[in-house]
Amino acid sequence: MFMAKITKTRFAPSPTGIMHIGNLRSALYEYLIARSEGGKFLLRIEDTDRERYVEGAVEAIYRTLDVCGLHHDEGPDIGGPNGPYVQSERLHLYSEYADQLVASGHAYPCFCSVERLADMWEDEETEFIGYDRRCRDIDPAIAAHRVAAGEPHVIRQRMPLDGETTFSDEVYGVITVMNQELEDQILIKSDGYPTYNFANVIDDHLMEITHVVRGSEYLSSTPKYCILYDAFGWEIPTFVHLPLIVGEDGKKLSKRHGSTSFEELVKDGYLPEAIINMIAFLGWAPGGETREIFSLDELEKIFSAKGINKAPAVFAYDKLNWMNEQYIRRLPFEKWRAMVKEIADPLFDEKKYDVDTLAHVLRERVTKLSDIPEMIRFLTERLPYERELFFNKRAKLDADSASVILNELRPKLETVAVWDETTLSALLGQACEETGRKKGQVMGALRVALAAQRVTSGGATETAMILGREEALARLAAAIDYLKG
RNA sequence: GGCCCGUUGGUCAAGUGGUUAAGACACCGCCCUUUCAAGGCGGAGUCACGAGUUCAAUUCUCGUACGGGUCACCA
């Protein structure tokens, strides 16, 4: 009797720098495939390249996964049944398995120097594919002797010279390649570390990964991994290769497309939830569903590898902007208020202001957090007035009529008892009735007087609220003064 | 260059051997409105091309073009 194997995926980043959007999306899909099938998601650090190791990169990985809610079930920080989860701590395993392949004839030591290889690449004449296999046929006994004598070497995979290899990918379908196209790739480097090409197979098998999910750039090396699995007699996992994410010019996403790392986007003012939602829909869509706003919890329920596309997807900031707006509007008010406060406090410095109204006004207008300072600049500093600011065709307003209106308004506002929305609103409404003016005229004049800006976040009463009585009256006086002269 | 993969509006995309080929972003217009937004309503815009299979191809097959990936002691 067989137990259905539990789905297990892994996110296996190398600590070589920032958490790129492409990496994050791989992590997300890996997480979702596991969760959608009630399986496990694990984290493995692939630090076999000592030269590209970046200090702090591992911490950034933990941090990002955590704020995105992609919690793993096994990993370096929490352990698990198949540890260690850091490749540099698994070195002995790789060499054992490599020895096994050498013994079975599936691999061989290669003594070629990097210099010789470099020369070889320069030789345009030769039409060989990759390494010229010079060491492939050294007598095993002699090779073993040279290795024992301490001669520098790498271990290479002995590829079949004929036949073909076929595998099936969940996204790309059945793929077949001629074995003669495959290079005798390096499995163990001369420093004793495994290459990705070797370590991923060993670890995925040992860690019982059922679904190998990764970017489509690995598609062309997958046949080599299949041959490795076969050499060990291991079951080949399900492959799920993901389409690439490209920039708006169709080229691979890079710095010149703007912010492409998770942390940069957050710094730009995008909410992690919006970023996750955005990249979930890059190259994937739930069939027969037109909604596009999904929380991570909801994605876990509806995600299916079936909906993954093959074609590269363009990362569009327009759409991200929209998503972010949607998420901002759905935020619990208290949370949103706290975000606004954190940004606005230092800008208002010592000055008092009405955070609640500001947060309220900003909520429907902000695209990303980093827009806020510029949007509220007119509140934190007094901008210079210009007569034409008061001109509004529709309200039939101009500087002269504004001057009259503001003078009428001033005494009323100065004596208002309670400085709050309802009182101000009522007072202004009343003023319109008394003078027979249109509301748009009065409101418009006051709004510009308070803001010194044509386009503002919020209307006249809201601006008056945010500024507070003292500042609002001071600005009103300043406006009147300006219009007089 | 070899090999591999891809191609539904500007972008993300649903979908099918017979459909008026969904929806979203962006764009345009209107409404609402105390400005700007938000919101509501509406509009324009797509099956890369050429053969073949078929009563019928966007859908299946083969070519072409274009795009991408990969050919490291990087992952």
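Just so we're clear, the structure is a prediction, and the values are computed from it rather than from any experiment. Basis for what follows: all heavy atoms, side chains included, without hydrogens, waters or symmetry-related copies.
A cation-pi arrangement is absent between A:R133 and A:Y131 under the rule of less than 6.0 angstrom and at most 45 degrees off the ring axis.
Atom CE of A:M323 and atom CD1 of A:I275 lie 12.0 Å apart (nearest 0.5 Å). Summarising the geometry, atom CZ belonging to A:R377 is positioned 15.0 Å from atom CZ belonging to A:R382; distances are rounded to the nearest 0.5 Å. Taking CZ of A:R214 as the reference point, atom NE2 of A:H241 lies at 4.0 Å (rounded to 0.5 Å).
Across the strands present, B:A56 finds no partner; the criterion is a Watson-Crick or G-U wobble pair with both atom distances under 3.5 angstrom. Of the nucleotides present, B:G29 is the one that pairs with B:C41 by Watson-Crick or G-U wobble criteria, both distances under 3.5 Å. Nucleotide B:G6 forms a Watson-Crick or G-U wobble pair with B:C66, both donor-acceptor distances falling under 3.5 Å. Across all strands shown, the partner of B:C12 is B:G23, judged by Watson-Crick or G-U wobble contacts whose two distances both fall under 3.5 Å. B:A75: no Watson-Crick or G-U partner with both key distances under 3.5 Å is found in any strand. With a cut-off of 3.5 Å on both pairing distances, B:U46 has no Watson-Crick or G-U wobble partner at all.
Out of B:A13, B:A75, B:A72, the shortest distance to the side chain of A:A313 is found at B:A13. With B:G39, B:U35, B:A72 as the candidates, the nucleotide lying closest to the side chain of A:I186 is B:A72. Listed nucleotides: B:A13, B:U34, B:G23. Nearest to the side chain of A:A285: B:A13. Listed candidates were B:G68, B:U35, B:U70. Nearest to the side chain of A:P312 is B:G68. In this structure, of B:G6, B:C73, B:G39, it is B:G39 that holds the atom nearest to the side chain of A:Q326. In this structure, of B:C4, B:G23, B:U35, it is B:C4 that holds the atom nearest to the side chain of A:V177. Distances were taken from every side-chain heavy atom of A:R447 (C-beta onward) to each of B:U34, B:C5, B:A75; the shortest belongs to B:U34. Among the nucleotides B:C5, B:U7, B:C12, the one closest to any side-chain atom of A:Y172 is B:C5.
Taking side-chain N and O atoms only, A:K189 has a distance below 4.0 Å to OP1 or OP2 of B:A75. Contact annotation: A:T48 side-chain N/O to B:A75 OP1/OP2 distance is under 4.0 Å.
In the interface, the side chain of A:K319 is not paired with the base of B:A26 through any donor and acceptor atom under 3.5 Å apart. A donor-acceptor contact under 3.5 Å is not formed by the side chain of A:E364 with the base of B:G39. Side-chain atoms of A:S190 and base atoms of B:C73 include a donor and an acceptor less than 3.5 Å apart.
With both ends at atom P, the span from B:A21 to B:C4 equals 36 Å, rounded to whole Å. Between the P atoms of B:G67 and B:C74, the separation comes to 31 Å (whole Å). The P atoms of B:G50 and B:C12 are separated by 23 Å, rounded to the nearest whole Å. The gap from the P atom of B:U7 to that of B:C47 amounts to 15 Å, rounded to the nearest Å. B:A37 and B:G43: their P atoms are spaced 22 Å apart (whole Å). B:U16 and B:C3 have their C1' atoms separated by 33 Å, given to the nearest Å. The C1' atoms of B:C5 and B:A14 are separated by 22 Å, rounded to the nearest whole Å. Comparing B:A44 with B:G52, their P atoms sit 34 Å apart, to the nearest whole Å.
Between the OH atom of A:Y131 and the C1' atom of B:C73 there is a distance of 12 Å, given to the nearest Å. Here B:C71 presents its P atom at 21 Å from CE of A:M178, a figure rounded to the nearest Å. If you measure from atom CG of A:D203 to atom C1' of B:A75, you get 13 Å, rounded to the nearest angstrom. If you measure from atom CD1 of A:I245 to atom C1' of B:C5, you get 17 Å, rounded to the nearest angstrom. A straight line from OH of A:Y317 to P of B:U11 spans 17 Å, rounded to a whole angstrom. The separation between A:K310 atom NZ and B:G6 atom C1' is 9 Å, rounded to whole Å. One can place OH of A:Y53 at 21 Å from C1' of B:C73, the figure rounded to the nearest angstrom. Across the protein-nucleic acid pair, A:E164 atom CD and B:C3 atom C1' stand 13 Å apart, rounded to whole Å.
For A:F303 and A:Y29, the distance between ring centers is under 6.0 angstrom. With ring centers used as reference points, A:F315 lies under 6.0 Å from A:Y317. Close placement of the A:Y218 and A:Y196 rings is indicated, their centers lying within 6.0 Å of each other. Taking the six-membered ring for Trp and the full ring otherwise, A:F239 and A:F167 have centroids separated by under 6.0 Å.
Each of A:G440 and A:W284 lies near RNA chain B, and the nucleotide nearest A:W284 is the one positioned closer to the 5' end. Across the interface with RNA chain B, nearest-nucleotide mapping of A:L244 and A:L117 shows A:L244 to be the residue nearer the 5′ end.
For RNA chain B, the residues of residues 454-465 of chain A within the heavy-atom distance limit of 4.0 Å (strictly under) are A:R454, A:V455, A:T456, A:G458, A:G459, A:A460, A:T461, sorted by number.
Residue-level contact check: A:C112 touches the bases, meaning some heavy atom is under 4.0 Å from a base atom. Heavy atoms of A:R329 sit under 4.0 angstrom from primed sugar atoms or phosphate atoms, though from no base atom. At the heavy-atom level, A:Y218 lies under 4.0 Å from base atoms of the strands shown. When heavy atoms are screened at a 4.0 angstrom cut-off, A:V114 is found touching base atoms of the nucleic acid. At a threshold of 4.0 angstrom between heavy atoms, the contacts of A:E46 are confined to the sugar-phosphate backbone, with no base atom among them. Nucleic acid contact for A:N309: sugar-phosphate only, since backbone atoms but no base atoms lie under 4.0 Å from a heavy atom of the residue. A:L282 comes within 4.0 angstrom of sugar-phosphate atoms only, judged by non-hydrogen atoms across all strands, and of no base.
Between A:F294 and A:F281, the two ring planes are parallel [angle under 30°; tilted spans 30° to 60°]. Ring-plane geometry between A:F111 and A:H153 is classed as tilted, the angle between the planes lying from 30 to 60 degrees on a 0 to 90 degree scale.
Nearest approach of A:R10 to A:D204, heavy atoms of both residues: NH1-OD2, 2.8 Å.
Paired with A:T165 under the rule side chain to side chain donor-acceptor pair (under 3.5 Å), one option of A:T222, A:T176, A:N179 passes, and it is A:N179.
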